[in-house]
Amino acid sequence: MFFAVDVGNTQTVMGLYQDDQLLCHWRIATVTTDTADELAAKIAALFSLESLDSAHITDMAIASVVPPLTEQWQRVAQRFAEKEPLILTSQTDTGLTISYADPTEIGADRLADAVAAISLYGAPVIVVDFGTATNIEVIDKDGAFVGGIIAPGLLTSAKALFDAAARLAKMDIEVPASVIGATTREAVQSGLTYGEIDRIDGLINRVFAELGYPATVVATGGLSSRVVALSKTIDVVNDDITLEGLRLIYQRASS
């Protein structure tokens with residue numbers, strides 16, 4: 001079975017595939033000090049909860065934006081799959097046309113998102129990935145990755161606000177019933193959630209104007225469910241799009 005791993009700054013997402021069917025997926029906190037042994041133990045525990053055996057892993061692909069963990073995950077793959085995994089980089093043959101000044105600057109997760117988005121939704125397509133950073137990836141009508149937008153993510157913005165404002169206590173991020181907050185708590189929640197989605201919608205509309213045409217907009221990432229229902233531009237949510245991109249890229253490399 002094929003095991004896909006997307007190592008993000010805040011969360012790590014994993015998916016187990018039987019051929020092209022996603023059987024299970026998991027989301028855990030990214031701990032930059034984890035060793036290969038600790039990661040292997042976490043995988044074994046997660047598999048056990050689903051009555052699965054990690055010994056059935058035969059192939060692995062990894063997208064990582066956390067360099068200290070990339071080598072550890074490589075060692076995990078050598079243990080479980082007993083062969084080298086595909087570690088997605090800008091040098092990997094993804095089949096993706098890239099119109100970017102320096103392709104080496106593109107993160108592995110962004111590449112996987114773009115490959116899967118084209119396969120699943122066609123072109124033009126835009127992916128909004130809600131994570132530590134909010135990434136917007138733009139694929140034009142010819143199927144080329146033409147660039148994107150990187151902005152602070154929702155939790156990153158919240159942390160910066162709470163750290164800088166001494167009188168604002170840290171609080172859960174929830175969408176309040178009203179934009180106008182009747183309490184400080186509601187006012188902060190409104191600014192964070194409605195502010196985030198209005199920023200996204202505003203940027204997407206600017207992208208449409210720059211392209212000269214609209215595109216399908218796909219939301220992904222662990223934080224997408226918090227605000228995506230408020231959006232006027234997001235068409236679909238797919239929290240497994242990065243895993244699917246890894247599967248497609250691995251399939252291409254193995255053919």
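Note that the structure is predicted; figures quoted are calculated from it, not measured.
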What distance do [X] atom [atom1] and [Y] atom [atom2] have between them, rounded to the nearest 0.5 Å?
{"X": "D37", "Y": "Q72", "atom1": "CG", "atom2": "CD", "value": "8.5 Å"}
{"X": "D240", "Y": "R27", "atom1": "CG", "atom2": "CZ", "value": "8.0 Å"}
{"X": "D109", "Y": "I241", "atom1": "CG", "atom2": "CD1", "value": "11.5 Å"}
{"X": "N205", "Y": "K232", "atom1": "CG", "atom2": "NZ", "value": "10.0 Å"}
{"X": "I249", "Y": "S254", "atom1": "CD1", "atom2": "OG", "value": "11.5 Å"}

Should T12 and V66 be marked as a side chain to side chain contact (heavy atoms under 4.5 Å, CB included) after you check the CA-CA gap, both sets of side-chain angles, and the distance that decides it?
CA-CA 10 Å; T12 295; V66 186; over 6 Å; no

Kindly work out whether a path of hydrophobic side-chain contacts (I/L/V/M/F/W/Y, heavy atoms less than 4.5 Å apart) joins Y100 to V207.
no

Are L248 and I98 connected in a single hydrophobic cluster, I mean Ile/Leu/Val/Met/Phe/Trp/Tyr linked by side-chain heavy atoms less than 4.5 Å apart?
yes

Between [Y] and [X], is there a side-chain heavy-atom distance shorter than 4.5 Å?
{"X": "V5", "Y": "V76", "answer": "no"}
{"X": "P85", "Y": "W73", "answer": "no"}
{"X": "L243", "Y": "Y17", "answer": "yes"}
{"X": "V217", "Y": "F208", "answer": "yes"}
{"X": "I118", "Y": "L96", "answer": "yes"}
{"X": "D59", "Y": "K83", "answer": "yes"}

Any side-chain donor paired with an acceptor under 3.5 Å for [X] and [Y]?
{"X": "D235", "Y": "Y121", "value": "no"}
{"X": "T220", "Y": "D129", "value": "no"}
{"X": "E244", "Y": "S119", "value": "no"}

Ring centroid separation F3 to F80 under 6.0 Å
no

Between T30 and Q11, which heavy-atom pair has the shortest distance, and what is it?
OG1-C, 3.0 Å

Of all heavy-atom pairs linking G245 and V115, the shortest is O-CG1, 4.4 Å

Pair V7, T70 - check side chain to side chain contact (heavy atoms under 4.5 Å, CB included), show working.
CA-CA 8 Å; V7 186; T70 306; over 6 Å; no

Angle between ring planes, W26 versus F47, binned at 30° and 60°: parallel, tilted or perpendicular?
parallel

Before you tell me yes or no, could you show the steps for L23 and E50 under side chain to side chain contact (heavy atoms under 4.5 Å, CB included), namely the whole-Å CA-CA distance, both residues' side-chain angles and the distance that decides it to 0.1 Å?
CA-CA 10 Å; L23 300 180; E50 302 292 339; over 6 Å; no

